[in-house]
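Position 1 is the first residue of the sequence; numbering continues from there. Since we're looking at a predicted model, the values are computed, not measured.
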Amino acid sequence: MSKATSDLLSHFEAKEVEGSPPGPSWNVAPTQNVPIVAERLDEGALDRRLLIAKWGLVPSWAGHQDRLQASLH
C-alpha cells in the first residue's frame, strides 16, 4: 500500500483494529502483512474496520500454510 494507515482510516471511514500496520510500500510480496478493510452491517449501520492480513494464496493442496513456507524460495 502506498498510503499511510491514517489516510486509509480517513478515506474508508474505518476503525483501526488489532495488529500493527506495516508502513507504506509500493511493493507487496507474498507472506507480507497488508492492511485490508472489512465491512459488515451491524444493527443497520455499516461497520468498517482496518485489519491486518497476510498477502498471498494458499493452494488447496497445501493443507496448511506452514507447509507452503518451505516452497517459497
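Every residue meeting the side-chain hydrogen bond (donor to acceptor under 3.5 Å, both in side chains) condition with E39, not counting sequence neighbours, appears here in chain and number order: R48. For I52, the side-chain contact (heavy atoms from CB on, under 4.5 Å) partners are P21, P22, N33, P35, not counting sequence neighbours. Take D47 and apply the salt bridge (charged side-chain N to carboxylate O under 4.0 Å, His left out) test, not counting sequence neighbours, and it matches K15, R40, R49.
Counting heavy atoms from C-beta outward, V37 and L50 have side chains that approach closer than 4.5 Å.
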List the atom pairs, donor and acceptor, that lie under 3.5 Å between side-chain atoms in residues 7-14 and the rest of the protein, sequence neighbours left out.
none

